[in-house]
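Working notes, beginning with the structure itself.
This is a predicted model, so every value here is computed, not measured. Just so we're on the same page: letters track the sequence lines, and every chain starts at 1.
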There are 2 protein chains.
Amino acid sequence: MAKADRLLKIITLLKGRRTVITARQLAEVLETSERTIYRDIQVLLDTGFPVEGEAGVGYRLQPGFEIPPIMFTAEQLLAVQLGLKMVQGWSDKELAISAEEARVKIEAVIPDRLKETNQQNCLLVSKHYLNTEAAQHSLSIRRAIQQQYYLTMAYKKADGEHSKRVLMPLGLVYWGQKWTLIAWCLLRHDYREFRLDRIQALVVESEKFSTDESINLTSYLKLLRELYGEQC
Amino acid sequence: MAKADRLLKIITLLKGRRTVITARQLAEVLETSERTIYRDIQVLLDTGFPVEGEAGVGYRLQPGFEIPPIMFTAEQLLAVQLGLKMVQGWSDKELAISAEEARVKIEAVIPDRLKETNQQNCLLVSKHYLNTEAAQHSLSIRRAIQQQYYLTMAYKKADGEHSKRVLMPLGLVYWGQKWTLIAWCLLRHDYREFRLDRIQALVVESEKFSTDESINLTSYLKLLRELYGEQC
DNA sequence: CAGCTACTGACAGTTTTTGTCAGTAGCCTT
DNA sequence: AAGGCTACTGACAAAAACTGTCAGTAGCTG
């Protein structure tokens with residue numbers, strides 16, 4: 001087997017595994033010697049490939065590098081760049097930072113001669129939302145959704161009525177200027193949707209919930225589609 | 001020079017040029033023989049690198065492949081994915097298609113074990129805007145900005161007053177649910193900003209304009225910053 | 001058509017790679 | 001602490017790949 005092919009196969013094998021793989025295993029699969037595998041790994045390391053090896057353990061990808069490079073066309077990249085500006089203006093502070101990092105990466109790889117004609121320069125996004133209280137709530141809620149923590153929330157409806165709820169947060173929806181939280185409400189025993197700008201107070205509880213086949217975001221969306229068709 | 005290094009340098013040289021480069025030129029720069037260059041090019045072709053060569057002409061990158069692959073972390077990718085959803089919901093139909101293509105590309109490369117924990121599934125974006133008249137205008141305006149065509153526009157202010165304007169379109173701003181057009185107005189001889197949802201009629205003229213040091217988007221933004229500070 | 005280019009095969013000399021062997025060092029379990 | 005497992009490295013001879021020269025084919029452009 002040609003060396004270049006073997007290097008690519010090592011990369012593929014490393015990316016397809018959660019657990020470590022030893023030089024012996026690689027040598028068997030690729031029908032070569034362990035010494036050659038050690039040399040190949042060194043070549044990968046020299047070229048910056050994020051592999052790490054521990055004596056007595058084996059090799060694996062360094063955490064955080066499981067996602068391979070993506071190749072976009074110029075048009076797709078314009079959509080990505082505009083989208084990142086929107087995230088910077090209308091999501092939460094953490095996402096805004098990630099979006100800025102992503103934008104810097106993109107700027108770094110665009111050839112100079114493509115920068116002059118880059119349409120994204122003419123597409124701007126306002127940036128006032130991130131300092132609102134709704135945006136602070138947004139970040140807390142997003143984390144609670146991911147880690148599945150109950151929320152206790154004081155809410156004020158459009159008609160001025162106040163209520164207190166204990167919720168299983170499931171998703172966030174962006175409506176342009178407004179975000180809403182989709183949650184299972186323990187008070188009403190049903191799904192409910194709440195506008196983030198009407199939240200009076202919010203506490204992320206330390207108790208975890210779990211979703212199942214009857215209470216989860218996918219079911220709620222399916223329910224909405226049955227009720228309203230494809231408008232959702 | 002090592003073969004692997006030379007291959008990378010050929011890629012770099014091809015990416016840095018607008019015009020073709022011959023095998024002789026490559027051989028001189030890389031201090032090797034033309035026969036070796038022909039072999040290297042074949043290796044690049046065999047591995048899928050998008051180079052094309054024409055007898056009597058020379059080599060160049062296939063159009064559409066000037067932008068190299070980009071490697072995002074999981075957090076950055078979350079921002080990209082949310083951003084693409086926002087573009088799909090709140091820009092124009094062309095950008096929405098590009099955004100969908102980009103999303104498909106991303107989905108194709110995310111390893112299966114990372115899909116389960118992918119937070120983007122819980123972040124949704126409403127999709128009603130693209131069928132509005134404002135979104136149709138948005139696409140026409142974006143093209144006119146890029147190609148620098150004058151616009152003739154019938155506009156209705158918030159107070160109900162109608163006006164007709166001839167404009168040099170310079171940029172589009174997203175305010176969440178609303179887009180505005182930044183333009184140089186020939187009627188007022190000054191910059192003006194117009195809400196897309198208040199446009200009554202719009203015609204893209206066949207006459208081209210040109211910007212200079214005094215009339216362009218960057219100057220306008222600088223002017224705004226001097227007037228309002230960093231709020232813009 | 002002439003001049004330029006990309007392209008390919010053959011071959012001998014040069015360079016790189018490979019597997020075997022021996023030895024070093026670290027991690028994990030008992 | 002010892003043993004078994006792993007990653008790691010240098011040396012060397014044999015095998016493989018690469019390189020430049022040469023000769024010839026084919027296509028593009030003015």
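Each of Gly58(A) and Ala2(A) lies near DNA chain D, and the nucleotide nearest Gly58(A) is the one positioned closer to the 5' end.
Ranking dT19(D), dT18(C), dA6(C) by closeness to the Asp40(B) side chain, first place goes to dT19(D). Set against dT9(D), dA6(C), dC8(D), the side chain of Ile41(A) has dC8(D) as its closest nucleotide. With dG27(D), dC7(C), dA7(D) as the candidates, the nucleotide lying closest to the side chain of Tyr59(A) is dA7(D). Comparing dT6(D), dT18(C), dG20(D) by their closest approach to the side chain of Thr32(B) singles out dG20(D). Each of dT21(D), dA6(C), dT19(D) was ranked by its minimum atom distance to the side chain of Arg35(B); first place goes to dT21(D).
A sub-4.0 Å separation between OP1 or OP2 of dT9(D) and a side-chain N or O of Gln42(A) is present. Contact annotation: Arg6(B) reaches the phosphate of dT19(D) (side-chain N/O to OP1 or OP2, under 4.0 Å). Residue Thr22(B) places none of its side-chain N or O atoms closer than 4.0 Å to OP1 or OP2 of dC4(C). Residue Ser33(B) places none of its side-chain N or O atoms closer than 4.0 Å to OP1 or OP2 of dT21(D). Distances shown here put a side-chain N or O of Thr36(A) below 4.0 Å from the OP1 or OP2 atom of dG19(C). OP1 or OP2 of dA7(D) has at least one side-chain nitrogen or oxygen of Tyr38(A) nearer than 4.0 Å.
For Glu54(A) and dT29(C), the CD to P distance is 12 Å, given to the nearest whole Å. Rounding to whole angstrom units, CZ of residue Arg39(A) and C1' of dA16(D) are separated by 13 Å. Computed from coordinates, the Arg24(A) CZ to dC8(D) C1' distance equals 16 Å when rounded to whole Å. When the P atom of dT16(C) is taken as reference, atom CG of Leu7(B) falls 14 Å away, rounded to whole Å. At whole-Å resolution of the value, CG in Leu26(B) and P in dG20(D) are 13 Å apart. Protein atom CD1 of Ile37(A) is 10 Å distant from nucleotide atom P of dA7(D), rounded to whole Å.
At least one side-chain heavy atom of Phe72(B) sits less than 4.5 Å from a side-chain heavy atom of Val80(B). For the pair Leu26(B)/Asp40(B), no side-chain contact is recorded, criterion being any heavy-atom separation below 4.5 Å from C-beta on. Contact check for Leu202(A) versus Gln136(A): no side-chain heavy atoms found under the 4.5 Å cut-off.
Using cut-offs of 30° and 60° for the angle between ring planes, the Tyr174(A) and Trp90(B) rings count as perpendicular. Ring-plane geometry between Tyr191(B) and Tyr220(B) is classed as tilted, the angle between the planes lying from 30 to 60 degrees on a 0 to 90 degree scale.
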